[in-house]
Amino acid sequence: MLVRRGIAVSPGIAEGPALVFGAEDFRIPQRFVSVDAIESQVKRFRTALQQTVDEIGENERLANEQVGKQYGSIFTAHLNLVQDPQLLEEIEELIRTKYYSAEFASSRVLRRYAKVFQNLGDNYMAQRAADIYDIEKCLLRNLLGESREELSNIAAPVIIVANSLSPSETANLNRKFVLGLAIETGGKTSHTAILAGALEIPAVVGIGNFLADVSGGENLIIDGDRGEIVIDPSEEAVHQYHDTIERRKGVVKRLRSLKEVPAQTKDGVRIQLLGNIEFPEEVSQCIDRGADGVGLYRTEFLYLNRRDEPSEEVHYEAYRRVVGAFPNSPVIIRTMDLGADKMPSALTFGAEPASNPVLSLRSLRLSLKNLPLFKTQLRAILRAATLGDVRIMFPLVSTMMELRQAKMILADVVEDLEEQGVEFRRDVPVGMMVEVPSAVMMAEEFAQEVDFFSIGTNDLIQYTLAADRDDPNVSELYRAGDPSILRMIQHVIDVGKRNEISVTVCGEMSTDPLFTPLLIGMGLRQLSVTPHMIPRLKELIGNFTVEEAEDIARHVKHLELVRTVENYLRGELAKFAPDMAILEVEQA
Amino acid sequence: MDFDTTSDFYQKVLQRMGSDTVLSRQVTVNLAEGLHVRPIAMIVDVVNDAGCTVLIRFGEKQVEANSQLNLMLLAAPQGSELELLADGDGAEQVLDHLENLFLTNFEVEGTTESGQVF
C-alpha cells in the first residue's frame, strides 16, 4: 500500500482499477498482442508513422523558414530516419512474427539502434542516439495519442492515471466508467481540474511523479476530498473508504432532497444561491441542485483550444444553450477574462510578452484593445438575451474610464444590431466585477454607472495582499479571511445597499462554508458558487438566523489577524454544520 | 555490432543488382566530422529521387544508400574511401550526382560558420 498526496480539485471517493496513460518517457501499456490483432497493430504503426512524418515535415518547414536550411536539414535527416525502409521492415517484422504491440516493436527497434550509435566510439555519432530517442518519443506519442482517443470509449470502470490530461480529453471522458482522475501535473485552476469538477469526477492533480509506482489494472483508491490516492490499498483501508463512501451517500441523499427548497436562513430570509459555470453543460448541474440562476458564466473556454477567433455564432450557440435552459432565472455572462499570455497569438495582435502578466494586458483591457473580438462577443450576448434574463458583466474594471469605454462599445453594438435589424434585447443590465482595489475605493462612483457588482475575491485577494497564491514563498499571505479583504467586501456591500444595486460574491471564498455565515452577516444576500456546493450551502444557511450571522460579522470586525478570524469562524461553523466532519474533509 | 552486412537482405540486394551491370565509383570523405547526419540526408534525397538501387561500401560494410540509418551506422570518418555502387535506370546520373556531392564536400562546411555540425 502506498499513499500519495496531491491537490484535491474535484470531491468524491472512488475505488477501482488503474488505467495508466504514459508520461513523457512513455510507458508501454501492452507489450504483446494476440495473433488476430497483428494487422490492426501494423495499421496503428503505419498511422502513427504517417503522423510522425507529418509532424517532422512541419518542423522541417518551420526551421527552413525561420532559421535557415542548415537547421531544417536536421529534420530532413529525422524524416529520412523515420522513413528508413530497413527500420520499418524490422518493426513490422517484430509485430508480425513476435506479436509485439506497435509501441513495443517501435521502441525495441529504435532503442537497439540508439545503443549501436552509443557504442560506435565516435563521439559525434554517439550523440546521434539522441536523435533516435527523439524519433522514438515522437512515434510513441502518436501511437499512445491514438489510443488516448479511446478515452471516450472506455467500457469498464477505471481510475485514470496520467501525467497530464488535456481539457478536451477530460471533456470527452465517459462519466459512467471513469471513476476518478489521478494526474501528476496541474493545479487547482487548470482547465482539466475545473472540468473534472464540472463533470463531478473525483480528481486529484499535482501529485508529482508517481506513474512508475502504478501498473495498469492495479487497485486504487482516489480521495478527491482530501487529495489523496492510495495505490494497492490494504483491506483495512478499502474497508474504511467504503464506510466513508456509504456515509457520503447518506449525506448526498439528504442534500438532494433540498433541491426544491429555496435557500433561506432559519428565520426565513431568502438568500440567492447562484452557480458559477464554465461550460454550457454545467447548466444542468445548477438546475439539478436548485440554483437561483447563473451568477458567473465564464466565457474563456470559447477562446481556448483554438487558433482563430470564435465566431459570433460560436458564442451565440453557447449562450443560447445556457440561457435556453434557464429562461426564467438570471444568467450573468462575464466577457472574456483572459490574459494576453493565454490568448492564441493571432488574437493578441502582437502584444509584447508581459514581464508581469497579472498586471498586464488581460481581461477587459485586452477586449478594449481588440474591439472586433469584443464586439463579436457583445453582439452574441445581446442576441441571446432575447431568450431569458441575461446580464452582462465586465471583468477587471480598474478605472472609470475603462468602464465608460466598455459601455460605449456596448452602445455601439446596440446601434449596429438595430441598424441591421437583428433581433436582440436592448435593456440588458450591465454590471462589473469588483476585483481590483481601485474599484473598491471608487465603488460609490461606479455604483452610479452599473446595475450590479460582483466581487471577484480571487483577484481581489491577490491584488490587495500583493501575493500570488501559486508561489509557495508568499502563498501564506493569500487568505480570503484577511481583515483587509473583509473590510473591502463590507464597503462594497454597503455601497450597493445605499445605491440599491445588487452585490454578489463570486470568487472561491463564496463557495467556502467557513465564510457563508459571515458574508450573510455582513449584509450579503446573493452568493455565486460552484454548483456542487449549492445543496450543502443551502442546508448550512437554513441552520442559522440573520441575527446570529450579524453577531458573527460584528465580532469579526474587531479582529486584526487572519488567523484569529479563521479560528473564530471555524468554531462558529461547527455550531451550524451538522456534518462538520464530512464538510471539513471536503474543504481540506 | 548489431547489423550484419552478410545478411540475406544485402545478399538479395546484391543479387538483384546483378554483378555485370553494376557501375562503381570511388569517393573520399573530406568532412571534418566524417560522413555525418546532414550529408547523409543529402545522399538519401538524391538516391530516393533517382529511383535506382545504390549501395555504399566502406571496408567490410556495405549498405543501401536509401537508408539514413544504415549510412549513419557506416560511421565513415574523415578520409574514408567509399565505393558507390549503382544499378538500374539512371545509374550513371545518380553516381555523377553523388560523386559531385563528395567532391564539393556537400557544401556543408561553408554553411556552418558557427562551427556547428549537424
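A note on names: the letters A, B, ... follow the listed sequences, proteins ahead of strands, and every chain is numbered from 1.
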>> Which residues pass the salt bridge (Lys or Arg N to Asp or Glu O under 4.0 Å) test with B:D96, not counting sequence neighbours?
In response: B:R25
>> Distance check, rounded to the nearest 0.5 Å: B:L69 atom CG versus A:Q86 atom CD?
In response: 6.5 Å
> In this structure, are over 12 heavy atoms from other groups packed under 6.0 Å from B:D89 atom CG?
Replying inline: no
>> To check you understand the geometry: which heavy-atom pair defines the closest contact between A:D84 and B:Q68, and what is its length?
In response: OD2-N, 2.9 Å
> How many angstroms lie between atom OG1 of A:T76 and atom CD1 of B:I40, to the nearest 0.5 angstrom?
Replying inline: 13.0 Å
>> Surrounding OH of A:Y99 (heavy atoms of other residues, nucleotides or ligands, distance under 6.0 Å), is the total greater than 12?
In response: no
> Atom CG in B:L73, atom OH in A:Y113: separation rounded to 0.5 Å?
Replying inline: 6.5 Å
>> Please list all pairs meeting salt bridge (charged side-chain N to carboxylate O under 4.0 Å, His left out) that have one or both residues in residues 69-86 of chain B, counting only residues at least two apart or in different chains.
In response: B:R57-B:E83
> Looking at CG of A:N80 and OG of B:S67, how far apart are the two atoms once the value is rounded to the nearest 0.5 Å?
Replying inline: 9.0 Å
